[in-house]
Amino acid sequence: MKALILVGGFGTRLRPLTLSVPKPLVDFANKPMILHQIEALKAIGVNEVVLAINYQPEVMLNFLKEFEAKLGIKITCSQETEPLGTAGPLALARDKLIDASGEPFFVLNSDVISEYPLKEMIEFHKAHGGEASIMVTKVDEPSKYGVVVMEETTGQVERFVEKPKMFVGNKINAGIYLLNPSVLDKIELRPTSIEKEVFPKIAAEKKLYAMVLPGFWMDIGQPKDYISGLTLYLDSLRKKSPSKLASGPHIVGNVIVHETANIGEGCLIGPDVAIGPGCVVESGVRLSRCTVMRGVRIKMHSCISNSIIGWHSTVGQWARVENMTILGEDVHVCDEVYSNGGVVLPHKEIKSNILKPEIVM
């Protein structure tokens with residue numbers, strides 16, 4: 001089987017992290033976002049992944065080479081010279097996706113984190129005999145999204161309603177699809193949207209089916225959703241493989257700590273924290289709802305909550321970092337400095353307090 005991951009744009013909503021690496025390579029729970037998907041695809045027998053990309057393909061491919069060997073999966077790029085939306089890239093990668101087998105292929109949005117029930121999706125797809133399957137997830141506020149209106153028992157999709165004012169349903173497109181090769185005949189090589197142009201056509205022919213995603217789902221393309229996604233992901237680990245979570249008197253709730261990280265005395269860590277490789281957390285530090293990426297040093301008695309600390313940054317003694325502060329790569333927060341929602345670009349030193357959310361250039 002094959003799969004296409006829509007890597008797409010510049011990751012502007014996750015700046016300043018995406019100023020250092022393309023968005024799919026930003027760490028999430030101690031591994032690059034895209035690796036969560038590639039591992040899930042590999043686990044159900046996908047042997048070739050095509051990355052649809054228009055930005056820094058060489059960075060992505062160089063990075064993924066080691067995983068290609070490690071996972072035993074072929075990873076190739078299909079590069080757009082102009083942004084082609086969410087459907088155009090499928091037409092562009094047509095020759096890479098179609099082979100003699102006629103097997104359906106997966107398409108995933110690179111921002112989505114979930115339990116990836118891909119095996120169940122294959123069974124669902126075979127059972128309904130239609131042309132395309134989409135994964136949908138239930139949301140509390142459907143008016144913020146495009147809603148998928150479907151027949152509850154069979155899953156057959158009737159129509160799509162963009163940001164409905166009246167309640168028509170609470171299921172939205174989760175960005176995971178399984179498509180027969182014939183779907184590619186419906187897509188022109190131009191900037192086009194799979195959600196707005198391709199799927200409604202297939203739905204009109206009564207050949208589009210939706211499966212409700214079991215477990216959690218989050219689009220982690222922006223900081224607050226990234227932190228919410230981390231909470232959901234760690235909660236799912238607690239249920240499925242609790243041995244991967246850290247434990248001990250200094251741990252509260254769900255925390256993941258890389259084995260090469262070093263944590264000092266008298267810390268209180270959690271809930272919902274990821275600490276990456278090579279990090280040093282000195283004594284008396286308090287961490288909650290945050291990600292600390294590779295090579296970060298957090299000095300004594302500092303306190304970090306609801307924030308993302310980028311690679312190789314330093315947080316000084318008695319510093320306080322909170323309220324969705326995002327530190328880019330190699331940012332140094334001096335001792336006793338307070339950051340309330342500061343978004344700090346890479347290679348900066350912060351010597352004075354950031355009292356209200358702002359971007360530090």
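Values in this document were obtained by computation on a predicted structure and should not be read as measured data.
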**Student:** Roughly how far apart are S182 OG and I202 CD1, rounded to 0.5 Å?
**Tutor:**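 That separation rounds to 7.5 Å.
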**Student:** Rounded to the nearest 0.5 Å, how far does OG1 of T325 lie from CD1 of I308?
**Tutor:**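 I308 atom CD1 to T325 atom OG1 measures 10.5 Å (nearest 0.5 Å).
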**Student:** What residues, two or more places apart in sequence or in another chain, satisfy side chain to side chain contact (heavy atoms under 4.5 Å, CB included) together with N47?
**Tutor:**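 Not a single residue meets the side chain to side chain contact (heavy atoms under 4.5 Å, CB included) criterion with N47.
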**Student:** Just by distance, with hydrogens left out, do T231 and R289 show a side-chain donor and acceptor under 3.5 Å apart?
**Tutor:**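 Their side chains do contain a donor-acceptor pair, which is all the 3.5 Å distance test asks for.
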**Student:** What verdict does the salt bridge (Lys or Arg N to Asp or Glu O under 4.0 Å) test give for K70 and E68, after you've listed the backbone C-alpha separation in whole Å, the side-chain angles of each residue and the deciding distance to 0.1 Å?
**Tutor:** CA-CA 6 Å; K70 219 182 270 180; E68 201 174 33; over 6 Å; no
**Student:** Tell me whether K186 is salt-bridged to E131, with the criterion being a basic N under 4.0 Å from an acidic carboxylate O.
**Tutor:**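 Yes, K186 and E131 are salt-bridged.
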**Student:** Are I5 and L41 close enough that some pair of their side-chain heavy atoms sits under 4.5 Å apart?
**Tutor:**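 When only atoms from C-beta onward are counted, L41 and I5 do touch, with a gap below 4.5 Å.
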**Student:** Can you give each donor-acceptor pair under 3.5 Å made by side-chain atoms of residues 31-40, sequence neighbours left out, with the distance rounded to 0.1 Å?
**Tutor:**
| unit_1 | atom_1 | unit_2 | atom_2 | d |
| --- | --- | --- | --- | --- |
| K31 | NZ | E39 | OE1 | 2.7 |
| H36 | NE2 | F28 | O | 2.8 |
| Q37 | NE2 | N109 | O | 2.9 |
| Q37 | NE2 | V112 | O | 3.1 |

**Student:** Return the set of residues passing side chain to side chain contact (heavy atoms under 4.5 Å, CB included) with R297 (not counting sequence neighbours), or none when no residue passes.
**Tutor:**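 Expected list: V280, E282, K299, T314.
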**Student:** Can you tell me how far CD1 of I44 sits from NZ of K42, rounded to the nearest 0.5 angstrom?
**Tutor:**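 The NZ atom of K42 sits 11.0 Å away from the CD1 atom of I44.
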**Student:** In Å, rounded to the nearest 0.5 Å, how long is the span from CD1 of I298 to CD1 of I309?
**Tutor:**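 If I round to the nearest 0.5 Å, the distance is 6.0 Å.
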**Student:** Output the distance between atom CG (N323) and atom CG (N340), rounded to the nearest 0.5 Å.
**Tutor:**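 Between N323 CG and N340 CG, I get 4.5 Å after rounding to 0.5 Å.
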**Student:** Can you list the residues that meet the side-chain hydrogen bond (donor to acceptor under 3.5 Å, both in side chains) rule with K171, with sequence neighbours excluded?
**Tutor:**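 Once residues adjacent in sequence are excluded, the partners of K171 under the side-chain hydrogen bond (donor to acceptor under 3.5 Å, both in side chains) criterion are E152.
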**Student:** E123: which residues meet the salt bridge (Lys or Arg N to Asp or Glu O under 4.0 Å) condition with it, sequence neighbours left out?
**Tutor:**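 If we apply the salt bridge (Lys or Arg N to Asp or Glu O under 4.0 Å) test to E123, skipping adjacent residues, the hits are K119.
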**Student:** Quick one: list whatever passes salt bridge (Lys or Arg N to Asp or Glu O under 4.0 Å) with E120, sequence neighbours left out.
**Tutor:**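 Applying salt bridge (Lys or Arg N to Asp or Glu O under 4.0 Å) to E120 gives none.
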**Student:** So, T154 versus H128: side-chain donor-acceptor pair below 3.5 Å or not?
**Tutor:**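 There is no such pair (donor and acceptor under 3.5 Å, judged by atom type) between the side chains of T154 and H128.
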**Student:** Are there more than 12 heavy atoms of other residues, nucleotides or ligands under 6.0 Å from atom CD1 of I359?
**Tutor:**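 No, because the 6.0 Å sphere around CD1 of I359 holds 12 heavy atoms or fewer from other groups.
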**Student:** Once side chain to side chain contact (heavy atoms under 4.5 Å, CB included) is applied, do any residues pair with L213, and if so which ones, sequence neighbours excluded?
**Tutor:**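 With neighbours one apart ignored, the set is S114, P117, M135, T137, W217.
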**Student:** Go through the structure and list residues passing side chain to side chain contact (heavy atoms under 4.5 Å, CB included) with A87, not counting sequence neighbours.
**Tutor:**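 Side chain to side chain contact (heavy atoms under 4.5 Å, CB included) check on A87 returns I187, T192, I194, V198.
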**Student:** Determine the minimum heavy-atom distance between L17 and M293, stating which atoms define it.
**Tutor:**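 Result for this residue pair: CD1-CE, 4.2 Å.
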**Student:** Which pairs pass salt bridge (charged side-chain N to carboxylate O under 4.0 Å, His left out) with one or both residues in residues 346-361, sequence neighbours excluded?
**Tutor:**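 Listed once each, the pairs are E349-K351.
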**Student:** Sequence neighbours left out, what pairs pass side-chain hydrogen bond (donor to acceptor under 3.5 Å, both in side chains) with at least one residue falling in residues 258-269?
**Tutor:**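 Applying side-chain hydrogen bond (donor to acceptor under 3.5 Å, both in side chains) to every pair that reaches into residues 258-269, excluding sequence neighbours, yields H258-T260.
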**Student:** Ignoring hydrogens and angles, state whether a donor on the side chain of E195 or S193 is under 3.5 Å from an acceptor on the partner side chain.
**Tutor:**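 Present: a donor and an acceptor within the cut-off.
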**Student:** Return the CH2 to SG distance between W311 and C279, rounded to the nearest 0.5 Å.
**Tutor:**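 If I round to the nearest 0.5 Å, the distance is 12.0 Å.
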**Student:** Checking D225 now: which residues fulfil salt bridge (Lys or Arg N to Asp or Glu O under 4.0 Å) with it, not counting sequence neighbours?
**Tutor:**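 Salt bridge (Lys or Arg N to Asp or Glu O under 4.0 Å) check on D225 returns nothing, list empty.
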**Student:** If we only count heavy atoms from C-beta on, is the P271 to N254 side-chain gap below 4.5 Å?
**Tutor:**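 When only atoms from C-beta onward are counted, N254 and P271 do not touch, as no gap falls below 4.5 Å.
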**Student:** Tell me the closest heavy-atom pair linking H125 and S133, and the distance in Å.
**Tutor:**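 Nearest pair, atom of H125 first, then S133: ND1-OG, 2.7 Å.
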**Student:** Among residues at least two apart in sequence or on other chains, which ones pass salt bridge (Lys or Arg N to Asp or Glu O under 4.0 Å) with K224?
**Tutor:**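 Partners of K224 under the salt bridge (Lys or Arg N to Asp or Glu O under 4.0 Å) test: none.
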**Student:** Before accepting this row, confirm whether a basic side-chain N of the pair R190/E197 lies closer than 4.0 Å to the acidic partner's carboxylate O.
**Tutor:**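 Yes.
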**Student:** Would you say that P346 contacts D330 through its side chain, given a criterion of any heavy-atom pair below 4.5 Å between the two side chains?
**Tutor:**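 Not touching, per the 4.5 Å side-chain cut-off.
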**Student:** Salt bridge or not for K240 and E115, using N-O below 4.0 Å?
**Tutor:**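 Yes.
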